[in-house]
Amino acid sequence: MEKPLKTHHRLLLTGAAGGLGTALRTRLQGNCDVLRLSDLADVGVAQAGEEVMLADLSNADEVNAMVAGCDAIVHLGGISVEAPFAAILQANILGAVHLYEAARLHGVKRIVFASSNHVTGFYKQSETINADHPARPDGFYGLSKAFGEDLARLYFDRHGIETACVRIGSSFPEPKDRRMLATWLSFDDLHRLITACLSTPVLGHSIIFGMSDNAVTWWDNSRARHVGYVPKDTSDVFREAVYARTSAPDLNDPAAIYQGGGFVKAGPF
Ligand code: NAI
Ligand code: 15L
């Protein structure tokens, strides 16, 4: 693991019990003196350099206490797939509002927000888009991430809170299917990206696609050069194995037409 630049004293990691939270827990230790871990679910016992403060994002008081004393936030917490709107509303929409209000009240000036490629899931896999393309969410989940990005812009314009809206592609140990050859983000590159977002001198309100250096890509990160993210991993090393274990997609299937894959037809509506 590379030694990251230590930029903050106390860094809050929400969603610490989840897949990415678990992957980042040890990696982010070098970015700060104290890593505050939070989730709805149990995150286990605090190790050296860690502290634990559980909170439900839908509860404003708990979020307020969770944010107090932190210098920056990596916000991963929330529902991470398509789900009924009532649940998304609580965790992702109200949760984000509570987080930004708490950040304002406690003077937190920089946030890395785990947005998603599902903000733009209804662009075609034959298109290349950048941060200036309008949102085309592919479900309530993607819509909640689009809301989070706009909320972040509001808090930047009114209160100067800088946010990196990282539209994460597919961050797993390996790409699981052919689509993920385009969307894959390794855990180490995710950490490199977050480190870049935390340490770049001027972040502003930035939208950046969270992907590794994949040969096939639908996303152009040229609008986010100021963040200084340089991926070092690539899905290309998995290409042969992925092709061997998967069959060719039906090109009439919306999941193969649109960037959001199966999310474009998932969910309760
Ligand atoms: P995950 O579902 O494994 O983790 C999310 C965590 O948030 C869970 O531990 C859950 O307990 C917590 N959580 C849910 N509702 C909560 C609430 N009301 N209060 C407090 N905590 C709550 O998801 P994963 O894969 O770790 O993703 C992390 C973030 O990154 C999510 O925001 C997700 O939307 C985003 N993302 C992840 C991608 C991926 O490929 N893993 C792709 C795009 C975005
Ligand atoms: C996401 O936003 C999800 O959180 C994750 O579970 C993956 O499915 C990913 O997008 C994806 O598009 O592959």
Side-chain angles (χ1 to χ4, degrees), residues 12-25 27 37-44 52-63 65-67 73-83 86-99 102 111-123 125 137-149 164-187 189-191 193-194 208-212 214 218-219 235 255 258-267:
L12 170 63
L13 176 65
T14 72
L20 297 189
T22 303
L24 287 169
R25 182 170 176 167
R27 288 173 170 86
L37 305 166
S38 188
D39 203 294
L40 198 58
D42 183 28
V43 297
V52 172
M53 198 173 286
L54 300 187
D56 183 342
L57 290 162
S58 66
N59 182 313
D61 293 336
E62 290 182 20
V63 172
M66 170 185 83
V67 169
I73 302 172
V74 176
H75 181 44
L76 305 181
I79 293 174
S80 61
V81 289
E82 190 54 52
I88 300 250
L89 176 64
Q90 292 297 320
N92 292 17
I93 295 182
L94 276 176
V97 171
H98 294 156
L99 189 93
I111 297 176
V112 179
F113 168 53
S115 184
S116 170
N117 71 89
H118 298 289
V119 167
T120 48
F122 263 119
Y123 285 95
Q125 295 189 12
D138 57 26
F140 291 139
Y141 166 66
L143 188 62
S144 75
K145 295 294 187 180
F147 175 86
E149 292 188 358
C165 300
V166 180
R167 289 182 183 163
I168 301 171
S170 307
S171 195
F172 298 100
E174 294 185 8
K176 297 177 183 175
D177 54 30
R178 295 188 188 192
R179 171 180 169 273
M180 287 193 191
L181 292 170
T183 59
W184 189 63
L185 172 66
S186 74
F187 292 154
D189 276 346
L190 172 62
H191 179 234
L193 175 48
I194 291 173
I208 179 159
F209 293 91
M211 58 183 171
S212 285
N214 309 323
W218 310 319
W219 307 322
S235 67
Y258 297 106
Q259 297 186 3
F263 276 59
V264 304
K265 51 183 192 179

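The structure presented is a predicted model; accordingly, all values stated were derived computationally and were not measured. Counting starts at 1 for both ligands and their atoms, in listed order.
At distances below 3.5 Å, at least one donor-acceptor pair connects side-chain atoms of Thr14 with backbone N or O atoms of Leu76. Distance alone, capped at 3.5 Å, is enough to place a donor-acceptor pair between the Glu82 side chain and the Tyr141 backbone. At distances below 3.5 Å, at least one donor-acceptor pair connects side-chain atoms of Ser212 with backbone N or O atoms of Ser186. Looking at Ser171, its side chain does come within 3.5 Å of a backbone N or O of Leu185 through a donor-acceptor pair. The closest donor-acceptor contact from the side chain of Trp184 to the backbone of Phe172 lies under 3.5 Å. A donor-acceptor pair under 3.5 Å is absent between the side-chain atoms of Arg167 and the main chain of His118, judged by distance alone. A donor-acceptor pair is defined here as one N or O able to donate and one able to accept, closer than 3.5 Å; no such pair exists between the side chain of Asp138 and the backbone of Val264.
Atoms of ligand 1 lying under 4.0 Å from any heavy atom of Phe172, numbered from 1 in the order shown and given with element: 40 (O). The atoms of ligand 1 that sit less than 4.0 Å from any heavy atom of Gly77 are 7 (O). Near Ser170, meaning under 4.0 Å from any of its heavy atoms, are these atoms of ligand 1: 40 (O).
For atom 14 (C) of ligand 1, the nearest non-hydrogen atom from the set Ala96, Ser144, Gly78, Ala91 comes from Gly78. Residue Ile168 holds the heavy atom nearest to atom 43 (C) of ligand 1 of all those in Ile168, Thr183, Asn59. Within the set Asp56, Leu185, Leu20, Val166, the minimum heavy-atom distance to atom 25 (O) of ligand 1 is found for Leu20. Of the listed options Ser80, Gly95, Ser115, Ala114, Ser115 places a heavy atom closest to atom 44 (C) of ligand 1. Between the choices Thr14, Asp39, Leu40, the shortest heavy-atom distance to atom 11 (O) of ligand 1 belongs to Asp39.
The ring pair (Phe, Tyr, Trp, His ring centres under 6.0 Å) check on Phe209 picks up Trp219, with sequence neighbours excluded. By the ring pair (Phe, Tyr, Trp, His ring centres under 6.0 Å) test, Phe147 pairs with no residue at all, sequence neighbours left out. With sequence neighbours left out, the side chain to side chain contact (heavy atoms under 4.5 Å, CB included) criterion links Ile194 to Leu24, Leu28, Val74, Val112, Leu190, Leu198.
When only interatomic distances are considered, the shortest N/O to N/O separation between Leu76 and ligand 1 falls below 3.5 Å. Any N or O atom pair closer than 3.5 Å counts here, and Ser116 shares no such pair with ligand 1.
Distances from ligand 1 to the non-hydrogen atoms of Lys145 include at least one value under 4.0 Å. Under a 4.0 angstrom heavy-atom cut-off, Ala55 registers as being in contact with ligand 1. Put simply, part of Gly169 is less than 4.0 Å from ligand 1, judged by heavy atoms.
Remark: minimum distance from atom 4 (O) of ligand 1 to any protein heavy atom is reached at Gly18 CA, 3.4 Å. Of the protein's non-hydrogen atoms, the one nearest atom 34 (O) of ligand 1 is Tyr141 OH, 2.5 Å. In this structure, atom 40 (O) of ligand 1 lies nearest to the protein heavy atom Ser171 N, 2.7 Å. For atom 3 (O) of ligand 1, the nearest protein heavy atom (residue, atom name, distance) is Gly19 N, 2.9 Å. Protein heavy atom in closest approach to atom 19 (N) of ligand 1: Leu57 N, 2.9 Å.
In this structure, NZ in Lys176 is found 10.5 Å from OG1 in Thr183, a value given to the nearest 0.5 Å.
Put simply, the side chain of Val67 reaches to within 4.5 Å of the side chain of Leu99, judged on heavy atoms. Inter-residue side-chain proximity for Leu57 and Leu40 is flagged as unmet; no heavy-atom pair is nearer than 4.5 Å.
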Please produce the table of protein N or O atoms sitting under 3.5 Å from N or O atoms belonging to ligand 2, one pair a line, distance to 0.1 Å.
from	atom 1	to	atom 2	distance (Å)
ligand 2	2 (O)	Ser116	OG	2.8
ligand 2	2 (O)	Tyr141	OH	2.7
ligand 2	4 (O)	Ser80	O	2.5
ligand 2	4 (O)	Tyr141	OH	3.2
ligand 2	10 (O)	His118	NE2	3.1
ligand 2	12 (O)	Asn117	ND2	3.0
ligand 2	12 (O)	His118	NE2	2.7
ligand 2	12 (O)	Arg179	NH1	3.4
ligand 2	12 (O)	Arg179	NH2	2.8
ligand 2	13 (O)	Ser170	OG	2.6
ligand 2	13 (O)	Arg179	NH1	3.0

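In summary, of the residues considered (Ile93, Asp61, Asp56, Val63), a side-chain contact (heavy atoms from CB on, under 4.5 Å) with His98 occurs for Val63 alone.
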query: Between Lys265 and Tyr258, is a side chain to side chain contact (heavy atoms under 4.5 Å, CB included) present by the stated rule, with each step listed?
result: CA-CA 10 Å; Lys265 51 183 192 179; Tyr258 297 106; over 6 Å; no
